[in-house]
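Encoded as structure tokens, the structure appears first; notes follow it.
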Amino acid sequence: MNSEATPGTAPVESTGEPTTKSNFLRDAIIQDLATGKHGGRVQTRFPPEPNGYLHIGHAKAICLDFGLADEFGGKTNLRFDDTNPTKEETEYVEAIMEDVRWLGFEWDGLFYASDYFQQLYEWAIKLIKDGKAYVCDLTADQTREYRGTLTEPGKDSPYRNRSIAENLDLFERMKNGEFADGSRTLRAKIDMASPNLSFRDPVMYRILHQHHHRTGDAWCIYPMYDYAHGQSDSIEQVTHSICTLEFDNNRHLYNWFIEQLGIFPSQQFEFDRLSLTYTVMSKRKLLRLVQEGLVSGWNDPRMPTLSGMRRRGYTPEAIRDFCASLGVSKTNGITQLQQLEYYVRQHLNKHAQRVMAVLKPLKVVLTNYPDDLVEEMEAVNNPEDASAGTRKIPFSKVLYIEQDDFREVPPPKYYRLSPGKEVRLRYGYIIKCESVVKDADGNVVEVHCTYDPDSRSGGATSNRKVKATIHWVSAAHALDAEVRMYDTLFAKENPDDVEEGQDFIANLNPNSLEVLTAKVEPSLKDAAAGARYQFERMGYFCVDPDSTPGKLVFNRTIGLKDTWAKIEQRAQNA
RNA sequence: UGGGGAGUCGCCAAGUGGUAAGGCAGCGGCCUUUGGAGCCGCCAUUCGUAGGUUCGAUCCCUACCUCCCCAGCCA
């Protein structure tokens, strides 16, 4: 039912906004194309580190990397930045590939920074021979001390002027595993007094006797990001290397290595990373939520991960449209969650099949309806899409309606059912509340109504207007379903806004998950995992992978806009 | 404090010398057998602040203020 992009096909069936609005990155590319730079070629890359799952912030980068290349007929590689074996795992590379494809993109080349370890090693030897790199025996602590501070220049390492021969010998022995982790590093010889800290003889290689997810035990020295990233771009002939703002400081080093090596001049551009209200985006924090069991996993529907959003029922189209609606600038901003939700609703409204489900059931007995009669009511599957057709829903004497749709004492502007009042049952009849049945505590447990036989939907005499239409299910035919109602994972717009001594965990929303047992219409009997529906008047829901033929499980993707809730809220605040 | 980046409506964001686009949110109204969707309208005399240049400045100049990034052998 849902038109998800298939791996191998090009994106993008957008629902609205253009894929790439004008922005400074796009302008830079147009400029380069105009001047004939790189022979009019555009090539980008998406370079995730496989140390966690992709999140909505990555989606923005992916849409930019792939979208921009696609717009100008270029290529985009997926390259795993796997230079730190202590944090990277195969599980993550697989999850990342799945998520990129789910989002609707297919890479041209699939690479790993580790593919370039040998080349990087040879280039390091060249830099040593050129007198531009040296083996340093300082410990990590000493290296920090020698680096100086933001305002004071650093001091040269006592090992800075070793002979080329000694450096060559030592570096080879580092590679051969003769030295312990942390005992030595290979450093670029640049300028310990540079105001740009990344120029103060940056570490190029560290010793790590660690098994690597791809190279196994072939290496015990691993290149640092700054020594690997630009060269990897260069090797792949990337023309426009797009990354986030915090790498601005690294751009000079990126260029320095490329210049020293005299290799293809890839160019780095920085844009603002996406931040969203009510969530955290750092992989470190997301990892912690997972490891401490505060969520059910990386794909918990409350997580801002692509796998979490997928499970929640968000669509790739909605995420892409959201990303396209975002600005690309150098401002550090925080986008409101409502903007993402708008695009989720927009896409689901067009594509989700309507269905009736009562989340918090209240029994209704139609006192003047024949005891054993069952009528088949015809319902429209999607008013936004005539081709979706219609279906039949059983109607009978005993029904369930939403508890919220009945008030014994109706507040002002309340149009739904209350004693003596009428409402229409969607695709059914107009009913009138005659009396209520209460339990020992005085709670209304049953509502007795009469129905108007002339008001059957679609009938010749069905045009009588009533203030409201509510949804319902036939008690005898309804199916039970577990429904997981999600709210934001954090209670504050900015989860990091905490008291002294606390951290973001303190802002976890205790009500981010509420589990209900709902009554749903029988057509949902064989609903397949992943299928998305609109429960009329309630919101969008999708079938969770936990769902089985015997026990339906739905996740609430997002509620519908609720004007009544707003009116009532306002009345209470007044 | 040194270096780098940024400050335009509640949020995101165009515009970059000629008198403030758009989206989200919000607020009115229309329509409606989803209080959904849709449609219409409203929503910055003002562009961090203070000076200056100019016939004219958000766009140029000067100073100041605020925020973000950099002192991992993380990326």
Side-chain angles (χ1 to χ4, degrees), chain A residues 16-17 21-23 47-49 51 81 83-84 86-87 136 138-140 143-145 147-154 181-187 194-200 202-208 222 224-226 228-229 243-252 270 272 274 277 283-284 322 325-343 345-346 349-350 354 356 380 383-384 413-416 423-428 430 455 457-458 462-471 534-539 559-567:
Chain A
E17 306 282 321
K21 287 198 301 193
S22 175
N23 61 63
E49 181 188 12
N51 67 341
D81 221 333
T83 57
N84 184 357
T86 66
K87 293 184 176 172
C136 181
L138 254 27
T139 64
T143 302
R144 188 181 316 117
E145 286 165 24
R147 188 157 29 231
T149 69
L150 293 179
T151 53
E152 304 156 15
D181 286 5
S183 61
R184 283 178 228 265
T185 56
L186 180 73
R187 296 225 259 164
S194 173
N196 180 346
L197 298 253
S198 68
F199 264 54
R200 321 246 265 224
V203 171
M204 294 163 60
Y205 274 94
R206 73 289 215 186
I207 301 172
L208 246 30
Y222 291 93
M224 298 288 290
Y225 167 84
D226 284 311
H229 202 92
C243 64
T244 44
L245 249 30
E246 69 274 22
F247 290 98
D248 197 316
N249 296 305
N250 305 252
R251 186 179 62 249
H252 305 280
E270 310 85 21
D272 60 323
L274 170 68
T277 54
K283 279 199 266 184
R284 202 206 100 241
F322 166 67
S325 80
L326 256 17
V328 182
S329 69
K330 284 177 177 284
T331 319
N332 282 97
I334 302 174
T335 298
Q336 295 178 327
L337 219 213
Q338 294 94 302
Q339 191 164 343
L340 205 209
E341 295 180 333
Y342 170 83
Y343 288 97
R345 287 196 184 97
Q346 179 181 272
N349 175 50
K350 288 283 190 295
R354 272 59 170 176
M356 292 206 280
V380 172
E384 302 289 326
K413 299 261 183 60
Y414 186 83
Y415 302 153
R416 282 110 94 151
V423 292
R424 171 172 288 285
L425 294 177
R426 173 142 245 225
Y427 302 124
I430 289 172
S455 66
S457 283
S462 70
N463 284 334
R464 192 154 69 84
K465 302 289 182 194
V466 287
K467 275 289 205 179
T469 297
I470 65 175
H471 59 98
Q534 181 195 101
F535 287 0
E536 293 220 23
R537 301 205 310 130
M538 303 310 287
L560 250 25
K561 282 211 290 189
D562 191 344
T563 304
W564 164 245
K566 198 179 287 181
I567 293 170

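Two residues are said to be in side-chain contact when any heavy atoms from C-beta on lie closer than 4.5 Å; A:Thr335 and A:Leu274 meet this criterion.
For B:rG2, the paired base is B:rC70 (Watson-Crick or G-U wobble, both distances below 3.5 Å). With a cut-off of 3.5 Å on both pairing distances, the Watson-Crick or G-U wobble partner of B:rC64 is B:rG48. In this structure B:rU34 sits in no base pair that meets the Watson-Crick or G-U test at under 3.5 Å. When both distances must be under 3.5 Å, the Watson-Crick or G-U wobble mate of B:rG17 does not exist. Nucleotide B:rU53 has no partner under the Watson-Crick or G-U criteria, as no pair reaches both atom distances under 3.5 Å.
Looking at heavy-atom distances under 4.0 Å, A:Val466 makes no contact with the nucleic acid at all. Residue A:Ile567 is in base contact, counting any heavy-atom pair closer than 4.0 Å across all strands shown. In this structure, A:Gly154 reaches neither bases nor backbone, as no heavy-atom distance under 4.0 Å exists between it and the strands shown. Among the protein residues, A:Gly182 comes within range of the nucleic acid bases, having at least one heavy atom under 4.0 Å from a base atom. Using a 4.0 Å heavy-atom cutoff across all strands shown, A:Asn250 reaches at least one base atom of the nucleic acid. Nucleic acid contact class of A:Thr185 (heavy atoms, under 4.0 Å, all strands): base. Nucleic acid contact for A:Arg416: base, since at least one base atom lies under 4.0 Å from a heavy atom of the residue. Among the heavy atoms of the strands lying under 4.0 Å from A:Thr149 is at least one base atom, whether or not backbone atoms are also near. Across all strands shown, A:Gln338 has heavy atoms under 4.0 Å from sugar-phosphate atoms exclusively, and none from any base. Using a 4.0 Å heavy-atom cutoff across all strands shown, A:Ala140 reaches at least one base atom of the nucleic acid. Among the atoms of the strands shown, only primed sugar atoms or phosphate atoms (P, OP1, OP2) are found under 4.0 Å from some heavy atom of A:Lys566.
The side chain of A:Asn349 lies closest to B:rG36 when the candidates are B:rC12, B:rA13, B:rG36. Candidate nucleotides B:rU34, B:rU1, B:rC12 were compared by shortest atom distance to the side chain of A:Arg426, and B:rU34 ranks first. The side chain of A:Val203 lies closest to B:rC73 when the candidates are B:rC73, B:rG35, B:rU34. Considering only the side chain of A:Asn249, B:rC70 comes nearest among B:rC74, B:rC70, B:rC73. Comparing B:rA37, B:rG35, B:rA71 by their nearest atom to the side chain of A:Glu384 picks out B:rA37. The side chain of A:Arg206 approaches B:rC73 more closely than any other nucleotide in the set B:rC12, B:rC73, B:rG35. Out of B:rC12, B:rG4, B:rG35, the shortest distance to the side chain of A:Asp248 is found at B:rG4. For A:Pro383, the listed nucleotide lying nearest its side chain is B:rG36; candidates were B:rG4, B:rG36, B:rG7. When each of B:rC74, B:rC70, B:rC24 is scored by its nearest atom to the side-chain atoms of A:Met224, the top-ranked nucleotide is B:rC74. Distance from the side chain of A:Thr331 is smallest for B:rG7 among the nucleotides B:rG7, B:rC73, B:rC12.
For A:Arg345, no side-chain nitrogen or oxygen approaches OP1 or OP2 of B:rA37 to under 4.0 Å. Applying the 4.0 Å criterion to OP1 and OP2 of B:rC12, one finds that A:Ser325 has every side-chain N and O outside that range. Dashed line: the shortest gap from a side-chain N or O of A:Arg251 to OP1 or OP2 of B:rG5 is not under 4.0 Å. Residue A:Arg147 places at least one side-chain N or O closer than 4.0 Å to OP1 or OP2 of B:rG72. Taking 4.0 angstrom as the limit, A:Ser462 places none of its side-chain polar atoms (N or O) nearer than this to OP1 or OP2 of B:rU33. Between A:Lys413 and B:rG35 there is no side-chain polar atom (N or O) within less than 4.0 angstrom of OP1 or OP2. Put simply, A:Lys330 has no side-chain N or O that comes within less than 4.0 Å of OP1 or OP2 on B:rC69. An OP1 or OP2 oxygen of B:rU33 is reached within less than 4.0 angstrom by a side-chain nitrogen or oxygen of A:Lys465. Between A:Ser329 and B:rA13 there is a side-chain polar atom (N or O) within less than 4.0 angstrom of OP1 or OP2.
In the interface, the side chain of A:Ser457 is paired with the base of B:rU33 through a donor and an acceptor atom under 3.5 Å apart. Between the side chain of A:Gln336 and the base of B:rG10, a donor-acceptor pair under 3.5 Å is found. No N or O donor and acceptor, one from the side chain of A:Asp562 and one from the base of B:rG36, sit under 3.5 Å apart. For a distance-only test at 3.5 Å, the side chain of A:Glu270 fails to qualify as a donor-acceptor partner of the base of B:rG5.
Ring-base stacking between A:Trp564 and B:rG35 is satisfied, the centre separation being under 5.5 Å and the plane angle under 30°. For B:rG35, the base is stacked against the aromatic ring of A:Tyr415, per a cut-off of 5.5 Å between centres and 30° between planes.
There is no side-chain donor-acceptor pair under 3.5 Å between A:Arg537 and A:Thr469.
Between B:rC30 and B:rG35, the distance separating the two C1' atoms is 15 Å to the nearest Å. Rounded to whole Å, the separation between the C1' atoms of B:rU1 and B:rA71 comes to 13 Å. Using C1' as the reference atom, B:rC40 and B:rU32 are 15 Å apart when rounded to the nearest Å. Spacing of C1' atoms, B:rC47 relative to B:rU8, comes out at 4 Å, to the nearest Å. Atom C1' of B:rA63 sits at a distance of 15 Å from the matching atom of B:rU53, rounded to the whole Å.
Of the charged side-chain nitrogens involved, at least one lies within less than 4.0 Å of a carboxylate oxygen, so that A:Arg426 and A:Glu536 count as a salt-bridged pair.
With a glycosidic angle further than 90° from 0, B:rG38 counts as anti.
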